[in-house]
Amino acid sequence: MAAPRPNRLKRIVWHLILFVPFFTAIWVPLYNRVEPSLYGIPFFYWFQFVLIVIAAIVTGLAYLAKI
């Protein structure tokens, strides 16, 4: 069996990286808590906002990598 082409391997890696924010968002027990709060905002809320930023950055990097 031939070795996978580098471009295909690159796409597979980027697809796996793109799944990280998704699985983090659907794993609710990870962030279903109040503490630690940030400026009075419970962890549940500010973690989701940070996750949106991280997902946008990862998606942008994957787009720039032209997968």
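Note: hydrogens, waters and symmetry copies are ignored here, and every other heavy atom, side chains too, is used. Just so it is clear, the structure is predicted and the values come from calculations on it, not from any experiment.
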*Report the residues that fulfil side-chain contact (heavy atoms from CB on, under 4.5 Å) with Val50, sequence neighbours left out, ordered by chain and then residue number.*
Trp46, Ile54
_Heavy-atom pair of closest approach, residues Phe43 and Leu30_ =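 Looking at all heavy atoms of both residues, the closest pair is CE2-O, 4.0 Å.
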Can [Y] be reached from [X] by stepping across I, L, V, M, F, W or Y side chains whose heavy atoms are under 4.5 Å apart?
X	Y	answer
Phe47	Val34	no
Leu38	Leu51	yes
Ile26	Val28	no
Trp27	Ile52	no
Phe19	Leu9	no

*So how far is it from Lys10 NZ to Trp14 CH2, rounded to the nearest 0.5 Å?*
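Interatomic distance, Lys10 NZ to Trp14 CH2, rounded to 0.5 Å: 8.5 Å.
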*Out of curiosity, Leu64 CG to Thr59 OG1, how far, rounded to the nearest 0.5 Å?*
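Rounded to the nearest 0.5 Å, the CG-OG1 separation comes to 11.0 Å.
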*Out of Tyr45, Phe44, Phe49, which residue meets the ring-ring contact (aromatic ring centres under 6.0 Å, His included) rule with Tyr31?*
Phe44
*Less than 4.5 Å apart, any side-chain heavy atom of Phe22 and any of Val58?*
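The answer is no; the side chains never approach within 4.5 Å.
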